[in-house]
Participant: 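So that we are looking at the same thing, I have put the structure below in structure tokens.
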Amino acid sequence: MAHFMDLRAFILRARVLKLYRQALRMTRRAPVHARDELRQTVRAEIEKNRRCDDKQKIKFLISEGLQRLKGLDEMLDMTGNS
């Protein structure tokens, strides 16, 4: 039996996947010795909340993820990895 999502769930899923792709792209800018660990951390964070169905919590997690990504971007800029 197929699982159908409503439009809001579909949009949230798309936002989560976009955040995940942005985070993986960001790991390419990290120093070579830290990339694998950073990728594993990104994956673990996504997997930890994979079964979450609470839309409010998902929105909060996306917001938190974007903030963390912004912080990582700023840190990589400061260290000269662009």
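If you read the sequence from its start, that first residue is 1, and numbering goes on from there. These numbers were taken from a predicted model, which means no experiment stands behind them. Side chains are part of it too, since the values below use all heavy atoms of this structure and drop only hydrogens, waters and symmetry mates.
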Participant: Apply salt bridge (Lys or Arg N to Asp or Glu O under 4.0 Å) to Arg39 and list each qualifying residue two or more places apart in sequence or on a separate chain.
Facilitator: Asp36

Participant: So how far is it from Arg43 CZ to Leu38 CG, rounded to the nearest 0.5 Å?
Facilitator: 14.5 Å

Participant: Treating Ile, Leu, Val, Met, Phe, Trp and Tyr as nodes and any side-chain heavy-atom pair under 4.5 angstrom as an edge, say whether Val16 and Leu24 lie in one connected cluster.
Facilitator: yes

Participant: Could I get the full list of side-chain hydrogen bond (donor to acceptor under 3.5 Å, both in side chains) partners for Arg50, not counting sequence neighbours?
Facilitator: Glu47

Participant: Going by salt bridge (Lys or Arg N to Asp or Glu O under 4.0 Å), name the residues that satisfy it together with Glu74, two or more places apart in sequence or in a different chain.
Facilitator: none

Participant: Is it true that Met75 and Leu19 fall in one hydrophobic cluster, defined by side-chain heavy atoms closer than 4.5 Å?
Facilitator: yes

Participant: I'd like to check Leu76 versus Pro31 (side-chain heavy atoms, cut-off strictly below 4.5 Å). Are they in contact?
Facilitator: yes

Participant: Which pairs of donor and acceptor atoms, one on a side chain in residues 63-73, lie under 3.5 Å apart (sequence neighbours left out)?
Facilitator:
| unit_1 | atom_1 | unit_2 | atom_2 | d |
| --- | --- | --- | --- | --- |
| Asp73 | OD1 | Arg29 | NH1 | 2.3 |
| Asp73 | OD1 | Arg29 | NH2 | 3.3 |

Participant: Around atom CZ of Arg35, are there more than 12 heavy atoms of other residues, nucleotides or ligands at under 6.0 Å?
Facilitator: yes

Participant: If the condition is side-chain contact (heavy atoms from CB on, under 4.5 Å), which residues does Leu12 pass it with, not counting sequence neighbours?
Facilitator: Arg15, Lys55, Ile58, Lys59, Ile62

Participant: Apply side-chain contact (heavy atoms from CB on, under 4.5 Å) to Gln40 and list each qualifying residue two or more places apart in sequence or on a separate chain.
Facilitator: none

Participant: Under the side-chain contact (heavy atoms from CB on, under 4.5 Å) rule, collect the residues that match up with Thr41, sequence neighbours excluded.
Facilitator: Glu37

Participant: Quick test of your reading: applying salt bridge (Lys or Arg N to Asp or Glu O under 4.0 Å), list the pairs with at least one residue in residues 17-27, sequence neighbours left out, ordered by first then second residue.
Facilitator: none

Participant: Under the rule for side-chain contact (heavy atoms from CB on, under 4.5 Å), what residues qualify as partners of Lys57, not counting sequence neighbours?
Facilitator: Asn49, Cys52, Asp54, Leu61

Participant: What do you reckon, is CG of Asp6 surrounded by more than 12 foreign heavy atoms closer than 6.0 Å?
Facilitator: yes

Participant: Please go through Leu17's hydrophobic cluster and name the other residues, only I, L, V, M, F, W, Y counting, with side-chain heavy atoms under 4.5 Å joining them.
Facilitator: none

